[in-house]
Amino acid sequence: MLSWIAIFVVASLTAQRRELHIVAVNDMHAQIQNFPQLAAIVDSLRTLYPSLLVFSAGDNRTGNPMSDKYEVPGYPMVALMNLVGFDASALGNHEFDVKSLPALIGMSNFRYLCCNIFPDSTSGVRVRPCQVFDADGIRVGVIGTIQLSPQGIPSTHPDNLEGLSFKPAREVVGEYEWLRGQCDVVILLSHQGYEEDRAMAREFPWIDVILGGHTHKQLTGGEQTNGILITQNKNKLPFAAHVTLTLDGDSIVSKESEYINVKAFESKNPVVELMVQQFSDNSAFRRVLAQAVTPFSMREELGCMVCDAYMAVCHADIAVENAGGVRIDTHPEGDFTVLDVLEMSPFDNHAVVLNLTGHELLHMLLTYCHGRLWSFPFVGGMRCRVTADPENPRKIRDAQLLTLDGEPLDMDRTYRVATNSYVPATSEVPEGSAQTLNIMTTDIIMQYLGQKQTVDYHGVRRLELVQ
């Protein structure tokens, strides 16, 4: 008799246990080539867990010309996300790189969530701050957030944010604590970066899980801050996070995350693979512009080449390229194609020239990077000696401009400076000094490579770091 009672009790306890399964990706940056494997992963998990939820933590676009240069920029990513069956996406800063976001939102079968964006009636950007999903009886509340730069806007060209205003996420997220009383699980879908996610976990302990993005940090599984599980992957979709939450009644008793290697996954969804092939069929991208005599082994070598292109085509004394404007880290020896240029420089920026004194040039460089060592721009026609703050090695204490021979630059002389339209828009320059040229920066780079026919930037560095 007692054994039957024990079996009944165990069965009752087991019946109260429920599992929520989630696939989370972030910073895919239009890497459509990995979507056949991602779709197969989602298909496999949905077979096991029919109520599976699929989320993106933002930056779905920018980085692959097959998507970025489509008739409606970014449509291939939306079409593939629709086919995979995404439930929601955060807004990343790169969602605003080209003014097609309102159209893409209308084409999406999933919701865009962001609580700290405030569109006016003219913007066409339709988002929700949060949404509640029902996963086989488990109520899941999801809040979206986006990163803001020191300027108080997402890191994109300010001209692309017309009709939009923003607040820091920490000022807004607390308004959605009511979800805690209505949902079994509360998730923050965050495009703010890993360290900010950890800070949010300490400040808002009523959140259960943070699905993060923006800083491209590859986590290994199970990372928690203040009891809150945090996920994040590297950019361009090498991994996807599979999150499992176990609930006992109304309480979450287990939080687990594992990372699935998307690129190495053996299976592919054949329908998605066919769509990717169709989106990728563009012979113009395969045109060879020049030969790389040696491989580009670091981003600064590529940045120096971009600056030299600006100088040559714009007839400038000095050139500047923002560090974030170069989106690939390396390039092999051999063909440098149109596709390579568009992947390296995926933003629709125009070339601009400014007449700046050495003092004004230095002020532009420092106000652009806001004292952050990692975002100090690449340069051409000169060198920069940057001294790190001994108390905070990630901050700049001092910067000195030098000639290519290492002599101090004449700070009182006026120089013709070539850069892209993003740099003066996000730094301090004399009013009216930026003259926009009627040419895109990608066209400048392609023209330069076509004229050179061969390029060799092995070991070329113009930024000197002093610790």
Side-chain angles (χ1 to χ4, degrees), residues 149-151 155 294-312 314-331 344-345 351-420 422-430 433-434 441 445 448 455-467:
S149 71
Q151 291 179 297
S155 296
T294 58
F296 290 81
S297 59
M298 64 183 72
R299 192 171 290 203
E300 186 178 349
E301 293 173 352
L302 291 157
C304 289
M305 182 188 73
V306 170
C307 288
D308 289 352
Y310 291 172
M311 291 176 61
C314 301
H315 307 289
D317 304 307
I318 289 171
V320 174
E321 173 73 350
N322 56 304
V326 178
R327 305 301 290 188
I328 60 176
D329 296 318
T330 61
H331 185 281
M344 178 180 67
S345 184
V352 300
V353 293
L354 308 93
N355 291 316
L356 302 176
T357 67
H359 297 290
E360 291 168 337
L361 172 59
L362 178 60
H363 187 68
M364 182 182 78
L365 296 172
L366 292 176
T367 55
Y368 168 78
C369 66
H370 294 279
R372 300 169 299 189
L373 192 62
W374 57 269
S375 62
F376 195 89
F378 304 122
V379 298
M382 67 175 187
R383 305 175 65 85
C384 296
R385 181 176 295 144
V386 182
T387 303
D389 187 335
E391 296 183 1
N392 186 350
R394 300 180 67 182
K395 294 288 186 179
I396 296 172
R397 187 184 71 180
D398 185 41
Q400 183 181 10
L401 307 186
L402 308 171
T403 67
L404 290 175
D405 295 329
E407 298 296 323
L409 196 71
D410 184 349
M411 301 299 286
D412 296 319
R413 177 184 161 188
T414 298
Y415 300 90
R416 180 177 169 87
V417 180
T419 186
N420 64 66
Y422 179 72
V423 172
T426 53
S427 59
E428 295 180 10
V429 297
S433 60
T441 53
I445 299 167
Y448 175 76
V455 288
D456 184 354
Y457 280 80
H458 179 68
V460 177
R461 304 191 68 177
R462 296 170 186 152
L463 301 180
E464 177 188 348
L465 175 62
V466 180
Q467 296 285 358

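Excluded from the calculations below are hydrogen atoms, water molecules and symmetry mates; all remaining heavy atoms, backbone and side chain alike, are included. Residues: numbered from 1 along the sequence shown.
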Counting only heavy atoms not in Glu391 (residues, nucleotides, ligands), do more than 12 fall under 6.0 Å from its CD?
no

Around atom NE2 of His458, are there more than 12 heavy atoms from other residues, nucleotides or ligands closer than 6.0 Å?
no

Any side-chain heavy-atom pair from [X] and [Y] closer than 4.5 angstrom?
| X | Y | value |
| --- | --- | --- |
| Phe378 | Asn322 | no |
| Ile318 | Leu356 | no |
| Tyr448 | Val306 | no |
| Val455 | Phe296 | yes |
| Glu360 | Ser433 | no |
| Met344 | Met305 | yes |

Report the distance from atom CZ of Arg462 to atom CG of Leu402, rounding to the nearest 0.5 Å.
13.0 Å

When rounded to the nearest 0.5 angstrom, what is the spacing between CG in Leu354 and OG1 in Thr414?
12.0 Å

[X] side chain to [Y] main-chain N or O, any donor-acceptor pair under 3.5 Å?
| X | Y | answer |
| --- | --- | --- |
| Glu301 | Gly459 | yes |
| Arg385 | Val466 | no |
| Thr367 | Glu428 | yes |
| Asp405 | Glu407 | no |
| Thr419 | Val320 | yes |

The single option from Asn355, Asp410, Leu401 passing side-chain contact (heavy atoms from CB on, under 4.5 Å) against Tyr415:
Asp410

Test of understanding: with salt bridge (Lys or Arg N to Asp or Glu O under 4.0 Å), list the residues that count as partners of [X], not counting sequence neighbours.
| X | value |
| --- | --- |
| Asp317 | none |
| Glu300 | Arg461 |
| Arg383 | none |
| Asp329 | Arg299 |

Side chain to side chain donor-acceptor pair (under 3.5 Å) filter on Asp398, not counting sequence neighbours, yields none

Using the side-chain contact (heavy atoms from CB on, under 4.5 Å) criterion, which residues pair with Pro408? Sequence neighbours excluded.
Gln400

